[in-house]
Amino acid sequence: MIGEDTALFREGLASLLTDVGHEVVGRASDADELEAVVASTPCDVVVVDVRMPPDHTDDGARAARRIRMRRPDIGILMLSQHVEVRHARDLVALGAFGYLLKDRVLDVEDFLGALERVAAGGSALDPMVVERLMGQRSGAEGLQRITPREREVLGLMAEGRSNTAIAGRLWLTERTVETHVRSILTKLDLADNDDDNRRVLAVLRYLGG
């Protein structure tokens with residue numbers, strides 16, 4: 001499902017997704033229409049622009065939040081030229097959420113990978129979004145014990161990167177990344193059990209509280 005008021009971008013994105021085998025089940029050019037289409041059409045993930053009609057402020061983000069509250073099974077991927085923190089924080093805390101900045105999406109494969117991670121229940125956040133969200137969470141309980149290097153690792157976890165990808169980005173071995181991840185989970189008091197994904201919980205606690 002695509003919610004985007006710019007016709008060329010909306011149709012271009014729909015063509016891209018169709019070409020690689022995804023089914024675009026609906027399109028909307030404003031926030032109200034998007035909510036109506038999502039309510040009547042089953043879908044796995046919604047790609048939505050933050051600023052849409054009717055107000056051209058944060059209508060898309062507000063629509064995304066309402067969609068998520070009604071349909072927690074749907075992934076939400078926000079696309080924007082701006083970082084909107086208030087609604088992003090709430091959506092991060094609910095999981096299956098991505099937020100990419102249009103001007104910084106430079107690779108189609110990276111975008112498709114992000115979309116698929118969100119559809120599968122994971123996260124995909126632009127580093128600038130992570131930085132903004134982290135900047136307002138640095139004093140939260142348990143986070144003060146995290147080292148600068150662990151903060152880098154957790155930031156890449158929030159972007160949805162695997163340990164292999166994190167190792168490549170930071171020029172570390174995978175074993176070293178695994179050590180940092182274990183330390184982060186310990187410092188955040190996330191006990192090991194079969195019911196929870198501690199990696200996801202760590203990201204959510206850090207970004208969404």
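Values in this document were obtained by computation on a predicted structure and should not be read as measured data. The figures that follow rest on heavy atoms only: side chains count, while hydrogens, waters and symmetry mates do not.
Shortest non-hydrogen contact noted between Ala31 and Met52 is N-CE, 3.7 Å. The two atoms that bring Ala114 and Ala124 nearest to each other are CB-CB, 3.5 Å, heavy atoms only. Closest approach of Ser29 to Arg10, counting heavy atoms only: CB-NH1, 3.6 Å. Minimum heavy-atom separation, Pro54 to Asp59: CD-OD2, 3.4 Å. Listed here is the closest heavy atom pair of Glu150 and Arg145: OE1-O, 4.1 Å. Scanning both residues, Arg27 and Val37, for their nearest heavy atoms gives O-CG2, 4.4 Å.
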Inset, instruction - Go through Leu154 and Met157 one step at a time and tell me if the side chain to side chain contact (heavy atoms under 4.5 Å, CB included) criterion holds. - result: CA-CA 5 Å; Leu154 190 49; Met157 289 166 58; 3.9 Å; yes
Inset, instruction - Determine, step by step, whether Val47 and Glu4 satisfy the side chain to side chain contact (heavy atoms under 4.5 Å, CB included) criterion, reporting the C-alpha distance in whole Å, the side-chain angles of both residues, the deciding distance to 0.1 Å, and the verdict. - result: CA-CA 8 Å; Val47 181; Glu4 166 64 51; over 6 Å; no
Inset, instruction - Using the side chain to side chain contact (heavy atoms under 4.5 Å, CB included) rule, take Val83 and Asp126 through it: C-alpha gap first, then chi angles, then the decisive distance, then the call. - result: CA-CA 10 Å; Val83 180; Asp126 184 276; over 6 Å; no
Inset, instruction - Begin from the C-alpha positions of Phe9 and Ile2 and carry the test side chain to side chain contact (heavy atoms under 4.5 Å, CB included) through to its verdict. - result: CA-CA 10 Å; Phe9 189 90; Ile2 299 173; over 6 Å; no
Inset, instruction - Could you walk me through whether Asp49 and Lys102 pass salt bridge (charged side-chain N to carboxylate O under 4.0 Å, His left out), step by step? - result: CA-CA 9 Å; Asp49 191 1; Lys102 289 179 178 178; 3.2 Å; yes
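Interatomic distance, Ile166 CD1 to Leu156 CG, rounded to the nearest 0.5 Å: 5.5 Å. For the atom pair CZ (Arg182) and NE2 (His180), the distance works out to 10.5 Å, reported to the nearest 0.5 Å. Between Leu125 atom CG and Arg161 atom CZ the span is 10.0 Å, to the nearest 0.5 Å. With rounding to the nearest 0.5 angstrom, the CZ atom of Arg51 is 8.0 Å from the OG1 atom of Thr57. Note: Arg132 CZ to Glu84 CD = 9.0 Å, rounded to the nearest 0.5 Å. Put simply, CG on Asp58 and NE2 on His87 are 4.0 Å apart, with the number rounded to the nearest 0.5 Å.
Cluster membership check: Leu34 does not share its hydrophobic cluster with Leu100, using side-chain heavy-atom separations under 4.5 Å among Ile, Leu, Val, Met, Phe, Trp and Tyr. Using a 4.5 Å cut-off between side-chain heavy atoms of Ile, Leu, Val, Met, Phe, Trp and Tyr, with links allowed through other members, Val118 and Leu79 fall into the same hydrophobic cluster. Cluster annotation: Val25 and Leu115 are assigned to distinct hydrophobic clusters (Ile/Leu/Val/Met/Phe/Trp/Tyr, side-chain heavy-atom contacts under 4.5 Å, transitive). Hydrophobic clustering (ILVMFWY, side-chain heavy atoms < 4.5 Å, transitive): Val105 and Val45 are in one cluster. Placement of Leu112 and Met1 in two distinct hydrophobic clusters is found when ILVMFWY residues are connected by side-chain heavy-atom separations under 4.5 Å, directly or transitively.
Side-chain N or O atoms of Asp19 include none that pairs as donor or acceptor with a backbone N or O of Leu17 at under 3.5 Å. The backbone N or O of Asp110 sits less than 3.5 Å from a side-chain atom of Asp107, completing a donor-acceptor pair. At least one donor-acceptor pair closer than 3.5 Å links the side chain of Arg68 to the backbone N or O of Ala96. The backbone N or O of Gly122 sits nowhere less than 3.5 Å from a side-chain atom of Arg117 that would complete a donor-acceptor pair. No donor-acceptor distance shorter than 3.5 angstrom exists from the side chain of Ser183 to the backbone of Thr179, with no hydrogens or angles considered.
Of the residues listed (Val129, Val50, Val48), the one engaging Ser80 in a side chain to side chain contact (heavy atoms under 4.5 Å, CB included) is Val50, and it is the only one.
Crowding of Arg65 atom CZ: a count of heavy atoms from other residues, nucleotides or ligands under 6.0 Å not exceeding 12.
Residues Pro53 and Glu33 fail the side-chain proximity criterion, which asks for heavy atoms closer than 4.5 Å.
Checked for salt-bridge contact, Arg149 and Glu152 meet the test: a charged N lies under 4.0 Å from a carboxylate O.
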